[in-house]
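Note sheet for the following structure.
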Amino acid sequence: MTTILVTGGTGTLGRLVTERLRTDGHEVRVLSRHSEPYAVDLREGGGGLDTALAGVDTVVHCATTQRGGDERSAANLIAAARRAGVGHLVYISIVGVDRVPLGYYRTKLAVEKLVEESGLGWTVLRATQFHDLVVQVLRALARMPVVVLPAHASDQPVEVAEVADRLAGLAQGAPAGRVPDMGGPEVRTFESLARAWLGATGRRRAVVNVPLAGKTYRAFREGGHLAPDHAVGRGTFEEYVAVRFGGGGEGGRRG
């Protein structure tokens, strides 16, 4: 039986990775800022991190934040993993981090580099956006009477449970370096995703596509965040919203 540490193990992805690994018979430690007995802020590191890593064979690094500090967190985790003799570090990244000049993407790319240069055995998986992230964005946009969308923009959302299964499988294997990207089953216009969500939640909103400017928008418009050659996901966005919002409202399951 392998001992595996999952950082961010109470989050959307990490929770499912943890469940899958435990189902497969592994001892899994969950590390997050508020989850005992391994309540550790990776940005601070310290003795608690060393305790969490003692005797660990593999680390699955899911913890992340858009508020900053991911590079410092990764550096602390890598240093502690080296001290503990961890054999395999698995990192989840995002398709397009090397093509889309978004600040958060640049940070993810920087963490990839830290992982690659860590001296540990490593695996990096890049995935497209999760279905629930698309819903979060659309919910924010729908606070106004008109849903304003970036014109000519597409997305390729993937079911988070499928990414969790892939990540758990990688964690149980040997270090593989950068593995093939994982994309959802369909490349969709953002307008079509918006209309599917509006219909599933019973909202009535006008939808307007507006051209934007700037390098980041251009990269998204050109599909820098897509993986059409790796459309290996099975669950569609319509299936996701049908399950989550089957009652025609904001109830249902949370992803």
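Position 1 is the first residue of the sequence; numbering continues from there. Side chains are part of it too, since the values below use all heavy atoms of this structure and drop only hydrogens, waters and symmetry mates.
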*Would you name the heavy atoms of Ala194 and Leu149 that are closest together and state the gap between them?*
CB-CD1, 3.8 Å
*Audit row: Val100, Lys215, side-chain contact (heavy atoms from CB on, under 4.5 Å) steps and yes/no*: CA-CA 8 Å; Val100 178; Lys215 293 180 180 179; over 6 Å; no
*For the hydrophobic clusters of this structure (ILVMFWY residues joined by side-chain heavy atoms under 4.5 Å, transitively), does one cluster hold both Val59 and Leu114?*
yes
*Evaluation steps, side-chain contact (heavy atoms from CB on, under 4.5 Å), between Tyr105 and Thr216*: CA-CA 10 Å; Tyr105 278 34; Thr216 298; over 6 Å; no
*Candidate pair Glu186 and Phe237, rule side-chain contact (heavy atoms from CB on, under 4.5 Å), full reasoning*: CA-CA 9 Å; Glu186 302 172 319; Phe237 188 70; 5.7 Å; no
*asked:* Show every salt bridge (charged side-chain N to carboxylate O under 4.0 Å, His left out) that has at least one partner inside residues 79-106, sequence neighbours left out.
replied: Asp50-Arg83, Asp98-Arg126
*Sequence neighbours left out, what passes ring pair (Phe, Tyr, Trp, His ring centres under 6.0 Å) with His88? Give chain and number order.*
none
*Spell out, as yes or no, whether a donor-acceptor pair under 3.5 Å connects the side chain of Ser32 to the backbone of Thr10.*
no
*Between His26 and Gln172, do the side chains contain an N or O donor and an N or O acceptor separated by less than 3.5 Å?*
yes
_Nearest-0.5 Å distance, CD1 of residue Ile4 to OG1 of residue Thr18_ = 9.5 Å
*side-chain contact (heavy atoms from CB on, under 4.5 Å) between Arg15 and Val30: does it pass, once the steps are laid out?*
CA-CA 9 Å; Arg15 173 176 51 82; Val30 172; over 6 Å; no
*Looking at Val207, Val137, Asn209, which one forms a side-chain contact (heavy atoms from CB on, under 4.5 Å) with Phe190?*
Val137
_If the condition is salt bridge (charged side-chain N to carboxylate O under 4.0 Å, His left out), which residues does Asp181 pass it with, not counting sequence neighbours?_
Arg178
_Straight-line distance of Leu21 CG to Asp165 CG, nearest 0.5 Å_ = 10.0 Å
*Answer yes when Glu238 and Arg188 have at least one side-chain N-carboxylate O distance shorter than 4.0 Å, and no when they do not.*
yes
*Is it the case that one hydrophobic cluster holds both Val163 and Val97, taking links as side-chain heavy atoms less than 4.5 Å apart, direct or via other members?*
no
*Verify the cluster assignment for Val124 and Ile78: are they in a single hydrophobic cluster under the rule of side-chain heavy atoms below 4.5 Å apart?*
yes
*asked:* Do Val187 and Val232 land in one hydrophobic cluster if side-chain heavy atoms of ILVMFWY residues count as linked below 4.5 Å?
replied: no
_As a test of understanding, state which of Thr236, Thr128, Leu193 forms a side-chain contact (heavy atoms from CB on, under 4.5 Å) with Pro157._
Leu193
*Does Gln156 use its side chain to pair, donor to acceptor, with the backbone of Gln129 at less than 3.5 Å?*
no
_Criterion side-chain contact (heavy atoms from CB on, under 4.5 Å) against Leu53, the qualifying member of Thr3, Leu5, Val40_ = Leu5
*Does one side chain, of Asp70 or Thr64, offer a donor that lies under 3.5 Å from an acceptor on the other?*
yes
*Sidechain-backbone polar pair: Ser192 side chain, Thr189 backbone, donor-acceptor under 3.5 Å*: yes
*Hey, does Asp155 have a side-chain heavy atom less than 4.5 Å from the side chain of His225?*
yes
*State plainly whether the residues Arg195 and Glu191 are in salt-bridge range, i.e. N to O under 4.0 Å.*
yes
*Taking C-beta and beyond as the side chain, do Tyr91 and Val111 meet within less than 4.5 Å on heavy atoms?*
yes
*Is it true that a side-chain atom of Asp57 and a backbone atom of Thr2 form a donor plus acceptor pair closer than 3.5 Å?*
no
_Hphob cluster co-occupancy, Trp122 + Val90, side-chain heavy atoms under 4.5 angstrom_ = no
